[in-house]
Protein chains: 2
Amino acid sequence: MHGELPPGQALTLRGIGREFDVSMTPAREAVRRLVAEGALQLSSSGRVSTPDLGPDRIEELASIRALLEVELASRALPRAHFALIERLQTINTTIVQMVAARDPVGYIRTNLEFHRTLYLRAQAPAMLALAETVWLQLGPTMRDLYGKLNRTEPPQFHRVILAALKAGDEPGLRLAVRSDVTQGLRLLSS
Amino acid sequence: MHGELPPGQALTLRGIGREFDVSMTPAREAVRRLVAEGALQLSSSGRVSTPDLGPDRIEELASIRALLEVELASRALPRAHFALIERLQTINTTIVQMVAARDPVGYIRTNLEFHRTLYLRAQAPAMLALAETVWLQLGPTMRDLYGKLNRTEPPQFHRVILAALKAGDEPGLRLAVRSDVTQGLRLLSS
DNA sequence: GTTTTTATTTTGTGATCACGTTTCTGCATG
DNA sequence: CATGCAGAAACGTGATCACAAAATAAAAAC
């Protein structure tokens, strides 16, 4: 989810077991779960690897993110008090630091923390779980994305999201979240 | 997914293994996958059972169904030729038979087949997979639902969906799908 | 030097087992 | 009749093993 692995990275049960000092059995269960959630791909021979998504799949997952996360943000809006907005601003400054430090994993993790912190207020655990499933599928792809465009620009739409939250502007919030979620991924699919 | 198990039904790895003539290992992997997809619940002691959803969770899952399936139907609309609509009508008559036969499992399975047949035309596999994940979570609850109201009414909104498909009426289709998806589940959560 | 074939290593799968924990059953007690 | 308690049965977990399939490395042929 955090982009620690590149797309198409192959994994083995014995390797995972060795890495975490367990036998094959727990490694197998973890891998099976991640496969069920789309975080890992299972080849026909039972081999497992990180997904290497094509442009159309990336675009579809971006659409799903927009669909779910716009709804989550919209539901969180009425419950978003100042303490939450302040916390989001703190997270946002951390994102800026991660961009400056050229740390893609830290960037992705903090960026997702920003979104999750907001969506937790929506009181919709099942919807949030579905959104996180999509994040899981996009992890390696996002790593590639922020590796290719190594710019120093902080996420521009996060400020718009914060402004819409403060103003209680629901249409503005929906548009800002949709833009933020779609923005980067459009670059990869074109 | 098809409502073969009631909510809260307990399952054991050894029991599943005995039922399908395998050892505990494959049973464990299957259960872990189903838990990851939300089809089964894992208690704190590792015991597994069918989920017994509360009213708010049911309502949330209904909202997710509406969100995803309205989008899927909308994407399928431009590609819905007459052969597809005819197939949907055939499936719909089967649903009527299932209602008449008082067969809840057959009803649920055929009803979901109706929806899946339409959504397959949307060319959005990830979105469809997410929708099926929600169906999986709602299976036992739907069984309860169609067990409590043992009426003889066929799904009224399916005809509206078919009419909107024929007319190429996108707003009408979106409303019809939303109504069909929300309809039954609202009864259970109130 | 490139391609094909063979041998070796590595991999996933399903089964089985021992262990600690939890749950259930039946009986005694209040 | 309800309640608490001890014994027994059943459960999930992690580990290990044998086996077949697959991928890799090495060797042979052209």
Side-chain angles (χ1 to χ4, degrees), chain A residues 1-54 57 125-126 129 132-141 143-144, chain B residues 1-54 57 125-126 129 132-141 143-144:
Chain A
M1 179 188 285
H2 297 155
E4 299 177 16
L5 301 178
Q9 174 74 256
L11 297 174
T12 65
L13 298 183
R14 288 177 173 87
I16 295 171
R18 211 174 305 127
E19 185 174 348
F20 295 97
D21 261 312
V22 292
S23 78
M24 288 174 57
T25 313
R28 252 205 297 192
E29 294 191 9
V31 161
R32 291 300 237 219
R33 171 176 173 184
L34 289 169
V35 167
E37 292 177 303
L40 293 176
Q41 252 176 342
L42 199 62
S43 90
S44 59
S45 66
R47 247 118 180 145
V48 81
S49 64
T50 308
D52 192 0
L53 307 176
R57 177 59 65 101
E132 292 192 318
T133 286
V134 180
W135 297 350
L136 219 38
Q137 299 182 38
L138 283 172
T141 298
R143 175 197 181 88
D144 255 28
Chain B
M1 181 188 285
H2 296 155
E4 300 177 15
L5 302 178
Q9 174 74 257
L11 298 174
T12 66
L13 298 183
R14 288 177 172 88
I16 295 171
R18 210 175 306 127
E19 185 174 349
F20 294 97
D21 260 313
V22 292
S23 78
M24 287 174 57
T25 311
R28 250 204 300 191
E29 294 192 6
V31 161
R32 291 299 238 216
R33 171 175 173 185
L34 290 168
V35 167
E37 292 177 304
L40 293 176
Q41 252 176 343
L42 199 63
S43 90
S44 59
S45 67
R47 244 114 181 153
V48 81
S49 64
T50 309
D52 193 0
L53 307 175
R57 177 60 64 101
E132 291 192 317
T133 285
V134 179
W135 296 350
L136 218 39
Q137 299 182 37
L138 282 171
T141 297
R143 176 197 180 90
D144 255 27

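Keep in mind the model is a prediction, meaning the values are calculated, not measured. In the text below, chain A, chain B and the rest are named by the order of the sequence lines, each starting its count at 1.
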At under 4.0 Å between heavy atoms, what does T25(B) touch on the DNA or RNA strands: base, sugar-phosphate, or nothing?
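Result for T25(B) = base.
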
Just checking V22(A): base, sugar-phosphate only, or nothing, at a heavy-atom cut-off of under 4.0 Å?
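Sugar-phosphate, backbone atoms only, no base.
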
With sequence neighbours excluded, residues passing salt bridge (Lys or Arg N to Asp or Glu O under 4.0 Å) with R28(A)
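R28(A) satisfies salt bridge (Lys or Arg N to Asp or Glu O under 4.0 Å) with E29(B) once adjacent residues are dropped.
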
Which residues in residues 26-44 of chain B have at least one heavy atom lying under 4.0 Å from any atom of DNA chain D?
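When residues 26-44 of chain B is checked for heavy atoms under 4.0 Å from DNA chain D, the hits, listed by number, are R28(B), R32(B).
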
Contact summary for P51(A) and G38(A), nearest pair of heavy atoms
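Of all heavy-atom pairs spanning P51(A) and G38(A), the closest is CG-O, 4.1 Å.
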
Minimum-distance pair of heavy atoms, taken over all atoms of A27(B) and L13(B):
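Minimum heavy-atom contact is CB-O, 3.7 Å.
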
What pairs with [X] under side chain to side chain contact (heavy atoms under 4.5 Å, CB included), at least two apart in sequence or on another chain?
{"X": "A30(B)", "result": "none"}
{"X": "A39(A)", "result": "L34(A), L136(A)"}
{"X": "Q137(A)", "result": "L61(A), T133(A)"}
{"X": "L42(B)", "result": "R32(B), V35(B), V48(B)"}

Find the distance between CD (Q9(B)) and CG (L40(B)) and round it off to the nearest 0.5 Å.
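Nearest 0.5 Å value for the CD-CG distance: 10.5 Å.
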
Show me the protein contacts with nucleotides 9-11 of chain D, counting only N or O atoms at under 3.5 Å.
residue, atom, partner, partner atom, Å
dC11(D), O4', R47(B), NH2, 3.2

Within residues 1-22 of chain B or reaching into it, pairs that qualify as salt bridge (Lys or Arg N to Asp or Glu O under 4.0 Å) - sequence neighbours excluded
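Sorted result for residues 1-22 of chain B: empty, none.
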
Nucleotide range of DNA chain C lying under 4.0 Å from chain B heavy atoms:
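Listing 5' to 3', DNA chain C meets chain B from dG14(C) to dT23(C).
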
Quick one: which residue pairs count as a side-chain hydrogen bond (donor to acceptor under 3.5 Å, both in side chains) with a foot in residues 38-48 of chain A, not counting sequence neighbours?
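Only S43(A)-S45(A) qualify under side-chain hydrogen bond (donor to acceptor under 3.5 Å, both in side chains).
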
